[in-house]
There are 2 protein chains.
Amino acid sequence: MTWLELPPDSPFGITNLPYGVFSADDGSQVPRVGVRIGDSVLDLAPVLDDPAFGEPSLNAFMAQGRSRWSEVRARITELLTAERHRRAVEASLHPLSGVRLHLPFVPGDYADFFGNEYHAANAGRIFRPGAEPLAANWKYLPVGYHGRTGTIVVSGTPVTRPRGQRKGPQDSAPEFGPSRRLDFEAEVGFVLGTGSPLGTPVTVGEFAHHVFGAFLLNDWSARDLQAWESTPLGPFLAKSFATSISPWIVPLDALEHARISPPPRDPEPLPYLADVDKWGLDVALEVRLNGHVVSRPPFATMYWTPAQMLAHLTVNGASTRTGDLYASGTVSGPVRSQRGCLLELSWGGAEPVTLADGSVRSFLLDADEVTITATAPGASGARIGFGEVAGQILPPTGS
Amino acid sequence: MTWLELPPDSPFGITNLPYGVFSADDGSQVPRVGVRIGDSVLDLAPVLDDPAFGEPSLNAFMAQGRSRWSEVRARITELLTAERHRRAVEASLHPLSGVRLHLPFVPGDYADFFGNEYHAANAGRIFRPGAEPLAANWKYLPVGYHGRTGTIVVSGTPVTRPRGQRKGPQDSAPEFGPSRRLDFEAEVGFVLGTGSPLGTPVTVGEFAHHVFGAFLLNDWSARDLQAWESTPLGPFLAKSFATSISPWIVPLDALEHARISPPPRDPEPLPYLADVDKWGLDVALEVRLNGHVVSRPPFATMYWTPAQMLAHLTVNGASTRTGDLYASGTVSGPVRSQRGCLLELSWGGAEPVTLADGSVRSFLLDADEVTITATAPGASGARIGFGEVAGQILPPTGS
């Protein structure tokens, strides 16, 4: 029990303790590592004797490895629960409203998966009508691709509508202009704390040894650009203009009570992808568009677990580094209200979505704001909050 | 005319001056920036008063921008030509045979294009027999995708044969094991010295303002993994296990005499891809397998220029950073002896290649060594050398 006064159902209680990078309006304004408790941020550098927390990213701390992560988490828990620490710790607490949150880590490589069966099948039906919804490989491996890391931005960063080439099936040639089918994708991301050398795969069972924590990710997508450019090498400019992530990294330790069995798989995964431990996660996402809930995607439905994704990513011997991230792919569920992107929600534009204020969307309009939030079960009935990843669409540059 | 004694046809004469990162066996062994002249490396930190040259990568120097690049090139030229500098400069020359060459820059993001028509059409015929060889988008945009930066290695680094899933058309399910169709891809890479902010495309005309130089790249590819995994998001593990690059970055200024008009395009590229200046490059590549020449791919045949590739990469507003790199895609030509990968040379294994020693290859065997070299025309009949990117195949780990 923390000595802070928190509502009992706070999603940022003592069993969560997500890490981020913040700067306070306190003169120095230097970005440094903090941990969120309730609606406060605890500045870690003054209370923990480790220069890693004075860095402007989580990378130095993450690189210290799992046993150090546990040690620090235990120490922070002690600081926030033992009354004797109260005075010293209170001096390092900042109200959340008074801080600025930054990109929490320096990204290494970014892989985006396609690991949700409902999303993959819906996308197949919409993009390739008449063909089998799932490609032949889909149930054998977590399909994925590499994304651009230099355009990963923290929640709150505006997203400029991209321009590019698009060509409708009836058009004789492509035209160039701002995307008309701009979309969000609600995903969960994972960041590696400790890497692995070239030639040494990370097994499914080693997931928690390497992955530091989880966060929310919006893989903004220009569907018209995507449909035209993706043959045969996959999405490129349709995704590379921006990827937004939430500022708080929820430690894997905080998700212990969210662990569930993944759905049954048929066919049985190959031995290198066989489940070890349970790494399905019962994370409930919610997507709001201009404040109105448009979807509640259930991460529990993911066909491939994050442990399987990392094992696949490295089975060819690819090395990993501190700060490498990967994302689940769009999270969707079996019913319409659980679909994690507008492509699915509006069925490629054929069935526009009506928001609670009566406005109608097939894809995003300029000034639209998308906010993705999530919670997961914590210890003793507590909820673990992920915070949010939000972004507003700006009109294309020059217009 | 340099005061060094160089053969008149040296590909590393005074008009080339490529940059790299080296360490000498001189006690310190600290990696630092050098420039190659003949068979020597000039240590730049002692002769130029700039701490950027004491860094273990070219990034700090590259970030200084085009006018500084010209200034430093002029100064190095002066140091190597004016007799009065000879004594001071000679003290900082290291014989190439006595130094170790390192990865020359810290990679940011890595995009790989598919910009050669002969390669794209051949790959289409082999991977998708019966379909149109070129996808409908191919002549409208430089097709590309993002690769993994953490597995970019310098020439000479051994490459372990990757394992992964593969499935033949007759197989009922995929099997897992070492790739049986391991290949090289001969490409030319380009590295950005100065970046560009989010939302601001780099135009075709701004190419030389951002790109620092060119180098050779071997995009090792596991064709069996690639064929199975690539639907619908493109190549992933088939490429991510290793990408080798040459240690010397040839400055764009050294390639002035190699500039040629690109081939005629039909249809006319969209306005944002229209040629400004001439950025076709007459670079002659050569690929050797275990010492035997197997191909001489002509970069002059590239359909898309590197200036068009960069304009396309950023037209959606994607930002770029110092150290970002992109590659041309496999360079091939109209005749068999110019094909830049074994997939094409052996036509997917149907027409194995016979080497000069009588051995036969469809794909790479363990212990095979692939070496790619290149030269381009320089000033006054000189040749500009790119050096080489080499790598030997090691058997899969554990075998």
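Reminder, nothing fancy here: chain letters follow the sequence lines and each chain counts from 1.
The side-chain heavy atoms of B/Thr160 and A/Leu198, taken from C-beta on, include no pair separated by under 4.5 Å. At a threshold of 4.5 Å between non-hydrogen side-chain atoms, the residues B/Arg163 and A/Asn316 do not count as touching.
Sorted by first and then second residue, the side-chain hydrogen bond (donor to acceptor under 3.5 Å, both in side chains) pairs involving residues 123-135 of chain B (not counting sequence neighbours) are B/Asn122-B/Arg125.
For A/Leu134, no part lies near chain B; criterion is any non-hydrogen pair under 4.5 Å. Of the two parts of B/Ser179, neither the backbone nor the side chain holds a non-hydrogen atom closer than 4.5 Å to a non-hydrogen atom of chain A. Heavy atoms of A/Tyr272 lying under 4.5 Å from chain B belong exclusively to its side chain. Proximity to chain A (any heavy atom under 4.5 Å) is shown, for B/Ala173, by both the backbone and the side chain. Contact annotation for B/Val153: only side-chain heavy atoms (C-beta onward) come within less than 4.5 Å of a heavy atom of chain A.
Heavy-atom proximity under 4.5 angstrom to chain A picks out B/Trp228, B/Glu229, B/Ser230, B/Thr231, B/Pro232, B/Leu233, B/Gly234, B/Pro235, B/Phe236, B/Leu237 from residues 224-237 of chain B. Using non-hydrogen atoms only and a strict 4.5 Å limit, the part of residues 112-121 of chain B facing chain A consists of B/Phe113, B/Phe114. Heavy-atom neighbours of chain A within the stretch residues 136-146 of chain B, taken at a separation under 4.5 angstrom, comprise B/Ala136, B/Asn137, B/Tyr140, B/Leu141, B/Val143, B/Gly144, B/Tyr145, B/His146.
Note that CG of A/Leu313 and OG of B/Ser240 are 6.5 Å apart. Values are rounded to the nearest 0.5 Å.
When atom types are taken as modelled, the side chain of B/Arg148 and the backbone of A/Ser319 share a donor-acceptor pair closer than 3.5 angstrom. With A/Thr397 contributing its side chain and B/Gly199 its backbone, the two residues share a donor-acceptor pair below 3.5 Å.
Here the rule is side chain to side chain donor-acceptor pair (under 3.5 Å) with B/Thr149, and of A/Asp324, A/Asp109, A/Thr149 only A/Asp109 fits it.
Options B/Pro174, B/Pro107, B/Pro271 differ in how many heavy-atom pairs under 4.5 Å they form with chain A, and the most are formed by B/Pro174. Comparing A/Gly164, A/Gly124, A/Gly147 by heavy-atom pairs within less than 4.5 Å of chain B, the highest count is held by A/Gly147. Most heavy-atom pairs under 4.5 Å with chain A, from the set B/Gly150, B/Gly195, B/Pro201: that is B/Gly150.
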